[in-house]
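I have placed the structure first, in the form of structure tokens, so that the comments after it can refer back to it.
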Amino acid sequence: MAETKELPLMEKIVALCKRRGFIYPSSEIYGGINGFWDYGPLGAELKRNVKELWWNTMTRLRDDVVGLDATIIMHPQIWKASGHVDTFSDPMVDCKTCKGRFRADQLDEIPCPQKPSKTVAQCPGEKTPPRAFNLMFQTWVGPVQDESALAYLRPETAQAIFAQFKNVLETSRQKVPFGIAQIGKAFRNEVTPRNYTFRSREFEQMELEYFIRPDEAVEAICGRVAAVEELLARGPLGEPQPDWGWQAWHKYWVEERIRFYESIGLPRETLVEYWQKPEELAHYARATVDILFKFPFGKRNERGELIGEELEGIAARSDFDLSQHERYSGKPMRVFDEELRAAWAKLDPARQQALWQRYFEHRKNYLTRTARPGETPEQIERAAREDADAFAKGHYIPHVIEPSAGVDRLVLALICNAYAEDQMPDEKGNLETRVVLRFHPRIAPIKAAVLPLVRNKPELVRKAIEIRDTLRPHLTVFYDDAGAIGRRYRRQDEAGTPFCITVDFDTLGEKGPELKDTVTVRYRDDGRQERLRIDALLPWLLERIR
RNA sequence: GCGGGUGUGGUUCAAUGGUAGAACGCGGGCUUCCCAAGCCUGAGACGAGGGUUCGAUUCCCUUCACCCGCUCCA
């Protein structure tokens, strides 16, 4: 229709989410609160489905991953060890003249945006005093609000996994390589929450920490570390192998995670596998792959194509995190690897010496980078030598691969991907624009709607309610008898319900006994209809929503 | 945090210094009704606070939220 102005795609999606009960602004009756969003009835179902599929895929369907559900508030030392206290709280200075903001410790290095020949410190523009920008939410544990009670809401779920690593290892009967998975809330006081729910201040993460042997241990045990280039040249990696080093494991998890996204309905062409450049890597990372989704609001390249925004980061973090916690807590994070000890004994001395040396260099490098004030090179050297000696006896701190995904941005990606407008004929056969969410049935908030053709016919209503009650224990069904049948179909189209089950007069046997106790199943995507026996419905549906 | 823009039923919009309209949606009713039909009927809004004014949804200020651009993004 020419008279209705066409809204930008993202605005249409936001309006639909509000209209249908996927996403609302938090605290909306008080004007909302920046960076916080609530999930309505359909959004809550969608999000639960996503989390459940992740949990099943990552833990229950695997032998080598177990779950954890840790607290949001933890000992503040955890955030010192992880580096968040330092890196999350840079004092910043604003220039009132040029409106720029600069890290207070870099004023002597950064060129002034208006006069690049001078540094910010030399520029005469009026500056604010340095102000702390701590991206971690703070609170106090206990009633006394003083420094000693200060605590943080976790800015990521990962650290809880590291902090509980030893407990899980001892109680789960797992051996390296194995993983610990967790889903939970995290909080970041983002400077600028943007793009709907994409960057929120309260959000949910799905994180796996997958612990692997150091490459030196793999080499000692298997004689070599599989060359990733050769593996990849042969195609997908397939099942994990004992001779995989960190690079093969890293690539394995990238492949697994992309497969997961495809399995819940994100086509491969909407995803981008982005390998971070060396200068982009965080301090702890050896390599990081971001899996990007081409959100409608995303940035575009010079050809105008969407380049994607991050859904998940898969980082190879070496043994940095566990080492940090070992140093800060004083509790050993080493594991004992019987295979390593046995294999080590059979190595010839030259090989032993070479592996010892490499492990020693790796540890020395880490200890040097994270040295505390006052630590001497001799002390570091001694500590690294102890680590290497322990390694030769089968002890090491596991390395880790971390696939870390944001639930909320994934839900948003699924909605954006599912949103479609197409043409459906109305009762007169004229084509009309229809809005439909083409969710994969696995994640659809409502799997099936049960609809009596008319509601003023008690037999139809009774039959429909019966069907609803039969299906309800097994899948989310929605019963609706209000208004014309076509209207109810369209409602379900906007909710993304893949199947509508219509109870009509044929169901009652009015057109003959052969149709008695059959219903119409209508497909969301093309409006196609099929007749099915009522007693065949449940298995038919279950097969299609798995 | 800076600059610009926008705030009117659930959604998308309109008008107005003096009783706020529409479309769609939503509730109820009628219709043996398979793709947003029709008829009847009902509920529902000026983001919040302050100021100017006899009177403010409208003008002014503050604030909050959203959008765009910067900035930030472990």
Side-chain angles (χ1 to χ4, degrees), chain A residues 1 3-8 10-12 14-21 24-36 40 79 82-90 92-103 113 128 131 133-136 155-156 158-159 186 188-196 198-199 281-285 297 309-310 313 315 404 424-435 451-457 459-460 481-494 500 502-506 508 510-511 520 522-524 526-529:
Chain A
M1 297 295 156
E3 69 265 20
T4 50
K5 255 198 322 276
E6 188 78 344
L7 284 174
M10 207 50 216
E11 285 178 35
K12 289 198 274 195
V14 171
L16 172 68
C17 284
K18 178 84 189 294
R19 185 168 79 236
R20 284 294 164 193
Y24 313 125
S26 167
S27 321
E28 195 187 10
I29 59 169
Y30 292 101
I33 175 164
N34 191 304
F36 297 86
W79 308 112
S82 69
H84 285 86
V85 170
D86 297 328
T87 56
F88 260 49
S89 57
D90 299 322
M92 303 289 279
V93 168
D94 290 330
C95 176
K96 291 181 181 174
T97 306
C98 73
K99 309 297 184 193
R101 169 174 296 161
F102 315 96
R103 274 175 58 168
T128 62
R131 290 179 289 192
F133 274 71
N134 197 316
L135 294 194
M136 282 196 291
E156 62 173 33
Q159 294 305 321
R188 288 180 203 176
N189 219 339
E190 297 285 356
V191 176
T192 313
R194 268 294 161 85
N195 289 326
Y196 203 26
F198 184 80
R199 175 165 291 125
L281 290 174
H283 57 285
Y284 51 73
F297 52 74
E309 302 285 334
E310 184 183 345
S404 166
M424 278 290 242
D426 65 13
E427 56 157 1
K428 297 183 194 75
N430 299 321
L431 287 182
E432 267 196 16
T433 300
R434 154 184 95 139
V435 171
L451 318 168
L453 189 60
V454 297
R455 88 157 131 189
N456 56 1
K457 193 78 179 173
E459 300 95 301
L460 284 184
D481 61 12
I485 189 70
R487 178 189 301 271
R488 283 177 274 160
Y489 286 152
R490 297 300 172 88
R491 256 184 224 140
Q492 294 306 313
D493 290 341
E494 282 203 340
C500 284
T502 307
V503 177
D504 56 22
F505 297 102
D506 297 354
L508 303 177
E510 287 195 7
K511 289 251 177 69
T520 301
R522 178 241 189 208
Y523 290 82
R524 172 195 65 202
D526 52 13
R528 203 170 79 240
Q529 299 198 343

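All values below were derived from every heavy atom in this structure, side-chain atoms included, with hydrogens, water molecules and symmetry-related copies excluded. Chain letters run A, B, ... following the sequence lines, proteins first, then strands; residues in each count from 1. Computed from a predicted model, the values in this text were never measured in an experiment.
Residues passing the ring pair (Phe, Tyr, Trp, His ring centres under 6.0 Å) test with A/Phe505: none are found, sequence neighbours excluded. Legend: residues meeting salt bridge (Lys or Arg N to Asp or Glu O under 4.0 Å) with A/Asp481, ordered by chain and number and at least two apart, are A/Arg455. Residues forming a side-chain hydrogen bond (donor to acceptor under 3.5 Å, both in side chains) with A/Arg20 (at least two apart in sequence, or on another chain): A/Glu494. A/Thr192 is linked by a side-chain contact (heavy atoms from CB on, under 4.5 Å) to A/Arg194, counting only residues two or more places apart in sequence or in another chain. Under the rule for a side-chain contact (heavy atoms from CB on, under 4.5 Å), the partners of A/Thr502 that lie at least two apart in sequence or sit in another chain are A/Leu451, A/Leu453, A/Ile485, A/Tyr489, A/Thr520. Annotation: side-chain contact (heavy atoms from CB on, under 4.5 Å) contacts of A/Tyr24 (sequence neighbours excluded): A/Lys18, A/Pro41. A/Phe198 is linked by a ring pair (Phe, Tyr, Trp, His ring centres under 6.0 Å) to A/Phe295, A/Phe297, counting only residues two or more places apart in sequence or in another chain. Applying the side-chain contact (heavy atoms from CB on, under 4.5 Å) rule to A/Asn456 yields the partners A/Val454; only residues at least two apart in sequence or on another chain are considered.
You'll find a donor-acceptor pair under 3.5 Å spanning the side chain of A/Thr520 and the base of B/C34, going by distance alone. A donor N or O paired with an acceptor N or O is not found under 3.5 Å between the base of B/C35 and the side-chain atoms of A/Arg434.
Looking at A/His84 and A/Met136, their side chains come closer than 4.5 Å, going by heavy atoms from C-beta outward. For the pair A/Tyr523 and A/Gln529, the minimum side-chain heavy-atom distance is 4.5 Å or more. The closest side-chain heavy-atom distance from A/Pro25 to A/Phe36 is not below 4.5 Å.
Here the options are A/Arg522, A/Arg488, A/Arg487, the test is salt bridge (charged side-chain N to carboxylate O under 4.0 Å, His left out), and the partner is A/Asp493; only A/Arg522 passes.
To the nearest whole angstrom, the two C1' atoms, one in B/G44 and one in B/A20, are 13 Å apart. The same atom, P, is picked in B/U52 and in B/A15; the two are 29 Å apart, to the nearest Å. Across the P atoms, B/U57 and B/G47 are found 10 Å apart, a figure rounded to whole Å. Remark: the separation of the P atoms in B/C2 and B/U63 is 9 Å, to the nearest Å. The same atom, C1', is picked in B/G50 and in B/C64; the two are 14 Å apart, to the nearest Å. Straight-line distance between the C1' atoms of B/A43 and B/C59: roughly 33 Å, to the nearest whole Å. Comparing B/U16 with B/G49, their P atoms are spaced 25 Å from each other, to the whole Å. Between the P atoms of B/G17 and B/C60, the separation comes to 13 Å (whole Å).
Judged by centroid separation below 5.5 Å and plane tilt below 30°, A/Phe505 stacks onto the base of B/U32.
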Hey, what are the protein-to-nucleotides 23-27 of chain B N/O distances that come in under 3.5 Å?
unit_1 : atom_1 : unit_2   : atom_2 : d
B/G25  : OP1    : A/Arg487 : NH1    : 3.2
B/C26  : OP1    : A/Arg491 : NE     : 2.6
B/C26  : OP1    : A/Arg491 : NH2    : 3.0
B/C26  : OP2    : A/Arg487 : NH1    : 3.1

Any protein N or O atoms within reach of nucleotides 43-45 of chain B? Criterion: under 3.5 Å, listing atom names and distances.
none

Might you list the N or O atoms of the protein lying below 3.5 Å from N or O atoms in nucleotides 64-68 of chain B, with each pair's distance?
unit_1 : atom_1 : unit_2   : atom_2 : d
B/C64  : O2'    : A/Gly31  : O      : 3.4
B/A65  : OP1    : A/Asn34  : N      : 3.1
B/A65  : O4'    : A/Gly31  : O      : 3.0
B/C66  : OP2    : A/Asn34  : ND2    : 2.6
B/C67  : OP1    : A/Tyr196 : N      : 3.2
B/C68  : N4     : A/Arg194 : NH2    : 3.0

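The residue among A/Arg488 and A/Arg199 whose nearest nucleotide of RNA chain B lies closer to the 5′ end is A/Arg488. Residue whose closest nucleotide on RNA chain B sits further toward the 5' end, between A/Glu156 and A/Val435: A/Val435.
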Seminar exercise, completed: Symbol by symbol from the 5' end, with Watson-Crick or G-U pairs under 3.5 Å, [ ] crossing and | another strand, RNA chain B is (((((((..((((....[..)))).(((((.......)))))....(((((..]....))))))))))))....
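Distance, A/Asp506 CG to B/C33 C1': 14 Å, rounded to whole Å. When rounded to the nearest whole Å, the span between CD of A/Glu310 and C1' of B/C73 equals 10 Å. Note: CG (A/Leu16) to P (B/U12) measures 11 Å, nearest angstrom. Here B/C72 presents its P atom at 12 Å from CG of A/Leu135, a figure rounded to the nearest Å. Distance A/Asp481 CG to B/G29 C1': 13 Å, rounded to the nearest Å. Atom pair A/Lys457:NZ and B/C34:P shows a separation of 14 Å (rounding to whole Å applied).
When each of B/U32, B/C73, B/C33 is scored by its nearest atom to the side-chain atoms of A/Glu190, the top-ranked nucleotide is B/C73. The side chain of A/Ala484 approaches B/A37 more closely than any other nucleotide in the set B/U32, B/C34, B/A37.
A sub-4.0 Å separation between OP1 or OP2 of B/U31 and a side-chain N or O of A/Asn456 is present. A/Lys18 has a side-chain polar atom (N or O) that falls below the 4.0 Å cut-off from OP1 or OP2 of B/U11.
Counting any heavy atom pair closer than 4.0 Å across all strands shown, A/Glu494 reaches a base atom. Using a 4.0 Å heavy-atom cutoff across all strands shown, A/Asp504 reaches at least one base atom of the nucleic acid. When heavy atoms are screened at a 4.0 angstrom cut-off, A/Glu28 is found touching no nucleic acid atom at all.
In this structure, A/Glu510 CD and A/Asp504 CG are separated by 9.0 Å, a value rounded to the nearest 0.5 Å. The line from SG of A/Cys500 to CZ of A/Arg490 is 11.5 Å long, rounded to the nearest 0.5 Å.
The two residues A/Arg434 and A/Arg524 have their closest heavy-atom pair at NH1-O, 2.8 Å. The shortest heavy-atom contact between A/Ile33 and A/Ser27 is CG2-OG, 3.6 Å.
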